[in-house]
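I am attaching a structure below and will ask some questions about it afterwards.
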Amino acid sequence: MKFGIVVNEGPYQHQASDSAYLFCKAALENGHEVFRVFFYHDGVNNASRLTEPPQDDRNIVARWSKLAEEHKIDLVVCVAAALRRGIKDENLAPGFRISGLGQLVEAGIQADRMVTFGD
Amino acid sequence: MKFGIVVNEGPYQHQASDSAYLFCKAALENGHEVFRVFFYHDGVNNASRLTEPPQDDRNIVARWSKLAEEHKIDLVVCVAAALRRGIKDENLAPGFRISGLGQLVEAGIQADRMVTFGD
Amino acid sequence: MSEEGNIKKFMFVNRKAPYGTIYALESLEVVLITAAFDQDVSLAFLDDGVYQLKKGQQTKGIETKNFSPTYRALEGYDIDKLYVEQESLEARGLTEDDLLVDVTVMGRKELGKLMGQQDVVLSF
Amino acid sequence: MSEEGNIKKFMFVNRKAPYGTIYALESLEVVLITAAFDQDVSLAFLDDGVYQLKKGQQTKGIETKNFSPTYRALEGYDIDKLYVEQESLEARGLTEDDLLVDVTVMGRKELGKLMGQQDVVLSF
Amino acid sequence: MLHIINKSPYTNSALDACLRVAQGGDILLIEDAVYAAVGGAAEKRVRDAMKQFKFHVLQADLEARGIADRVIDGVHKVDYGGFVELAAKNKNCQSWL
Amino acid sequence: MLHIINKSPYTNSALDACLRVAQGGDILLIEDAVYAAVGGAAEKRVRDAMKQFKFHVLQADLEARGIADRVIDGVHKVDYGGFVELAAKNKNCQSWL
């Protein structure tokens, strides 16, 4: 089954990004496809390549980048939300791409299920 | 009277930063002093020089920078919270400085009143 | 933009008040794009989401953009399925006359049934 | 670090559950620094904040750092004023035995009175 | 003591928590908490609490939400300057986040 | 339909809103909503709703909060894989944010 995922909150402040990541990992393990993860609202902050969490904590951004690389997952950051919050090509982490809201709608059309993680 | 201000949320997603800014402006107009504005948690995202809000909306980051310049207000971004969220010297807006949590405690000690804005 | 077979029912569930958070505003942006994809779009307003439609919003004092006129513009995009939960309106002392657009007011059960019939439910 | 005349009463009010949001964890970091400034530090736990002190937290499954041992370390920083609201505990089916540190349990009115006596009240 | 509330009384328990624990003083409703200052199911909670607390509400937040003309009797409207003076007048303040 | 709740039942009205509006289906409690799966003042609301809904709770979030041993009868524990299958099994899902 093809899943589309929406993440509405940034890393660390809320659990939304953690839950979304663990959901994606489990979906892949169960043999499903993750069609796209769309980062909206403060969710765009998950794409900052400048984050440096403490050594003893998880690295949320790097974890997404790795998942994208290993499983060819499409991580899309909403351009309008990203501009509002200061995420641009110059601070974008590997594996993410910036695009329009149409990518969210397309995910809704193409995916069998949409699951939203937020606050 | 000397005010210390704490901002816990980033720009746009929550009203906290707007309310804190309008509070500071009113305090200055009433002849009070703003000893320091301390940005903690996602509040550190108010210091990103990369934000580009739509033309017809307020520019929250630029507004803080301007207030700092015009009234010599000390805008301090918590270094630990900032590292977690990807705010560093390279994307820091004018008028903000990155420093330790001790600056928050010092504000609590030096200011007559502490007012917190968050979610 | 999409073929006949690709029309899905999208419902946008609005449960948050405007201005305190950005969700209402950024949700509207998705609504407009979804309509541009020729999908079957509806909006549900319940809980504090009903406040988004309150007449007379004046945002000069909070120095923020007043986005409430966008709700009036939805009709121009052929978005006319706006559902408002009766119980949420009543709890907040509001009536249909307080709202800035024409809506369909319905009871909680009817709204819940409509939700169940959607292909995609988005809430922010 | 500070002179006698500069000792203020700081109360940290914890009303949020751990892990769902970061406030509890980052609040603790401020608590430790405030103690290093030789201030009069107390912590109040009420509403969902009482869950921060629940015994037996195991965070492996959510792949997040378990920061609850820090509450046990507070004593080492001479932070021993931990106040827990009785009514919040009871509403959540918890008792003092469920908590991972020694605390002073008190009624809502007593806690409210204590809040009123502080110089600085910080909540995140 | 000044108590600042910024959440809707219909969605979040912040106002209830304040009314349960705080022992009197000023309560200022800002942001989404201004909905507690107008008629509706939350009105009774506010009216009952008026014996113990003095209620204030931020005018700009009322106007943004289109409800400035519906404030219930006994709740005092302030502008941001009034907010500042409430914070200055009270010995301390707490945001019930 | 799958209803996902992620807020504490003591702080936020999300669970109440879902129970008021939704017409049956599966409810999955995650993040801070897992407190609704254990004993406490919220228990009655959940028990009453069991006639209409099937309740599930995310094991990892229970364990993080130290309450995995207190889940009330009738609430079904799932891991992230179980969460995925609940989403797959239902025709659609809604997060009550």
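So that the names make sense, note that chain A is the first sequence line, chain B the second, and so on, each numbered from 1. What's counted below: heavy atoms across the whole structure, side chains too, no hydrogens, waters or symmetry copies. Quantities reported herein were computed from a predicted structural model and do not represent experimental measurements.
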message = If you count heavy atoms of other groups shown closer than 6.0 angstrom to CD of Glu75(C), is the number above 12?
response =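 12 or below, so no.
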
query = Do the ring centers of Tyr19(C) and Phe67(C) come within less than 6.0 Å of each other?
reply =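 Yes, the ring of Tyr19(C) comes within the 6.0 Å limit of the ring of Phe67(C), centre to centre.
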
request  = Sort Val30(C) into side chain, backbone, both or neither according to what part of it lies under 4.5 angstrom from a heavy atom of chain A.
outcome  =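 Contact with chain A: backbone and side chain both.
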
ask   = Considering heavy atoms only, which positions within residues 62-94 of chain A lie below 4.5 Å of chain C?
value =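 Near chain C, by residue number: Ala80(A), Ala81(A), Arg84(A), Arg85(A).
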
task = Under 4.5 Å heavy-atom distance to chain C, tell me which part of Leu101(A) shows up: side chain, backbone, both or neither.
result =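 Both the backbone and the side chain of Leu101(A) come within 4.5 Å of chain C.
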
query = Would a line drawn from the ring center of Phe96(A) to the ring center of Phe39(A) be shorter than 6.0 Å?
reply =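 Yes: the rings meet the under 6.0 Å criterion.
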
request  = Evaluate the ring planes of Phe12(C) and Phe124(C), with Trp represented by its six-membered ring, and classify them as parallel (under 30°), tilted (30 to 60°) or perpendicular (over 60°).
outcome  =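 Rings of Phe12(C) and Phe124(C): parallel, as their planes differ by under 30°.
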
request  = Could you tell me if the ring centre of Phe23(A) sits under 6.0 Å from that of Phe3(A)?
outcome  =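 Yes, the ring centres sit under 6.0 Å apart.
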
Ser123(C), part contacting chain A, at a heavy-atom distance under 4.5 Å =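 The backbone, not the side chain.
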
query = With side chains defined as the heavy atoms from C-beta onward, is the minimum distance between Thr34(C) and Phe37(C) less than 4.5 Å?
reply =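 With C-beta onward as the side chain, the pair stays apart.
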
ask   = Under a 4.5 Å heavy-atom cut-off, does chain C meet the side chain of Asp119(A), its backbone, both or neither?
value =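 Looking at Asp119(A), backbone and side chain both touch chain C.
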
key: Leading residue by heavy atom contact count with chain C [cutoff under 4.5 Å; candidates Ala111(A), Gly102(A), Gly100(A)]   =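 Counting heavy-atom pairs under 4.5 Å, the top option is Gly102(A).
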
message = Quick one, Glu96(C) and Val103(C) - any side-chain contact, counting heavy atoms below 4.5 Å?
response =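 SC-SC contact between Glu96(C) and Val103(C) confirmed.
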
ask   = Are more than 12 heavy atoms from other residues, nucleotides or ligands located less than 6.0 Å from atom NZ of Lys2(A)?
value =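 Check passes, neighbour count above 12.
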
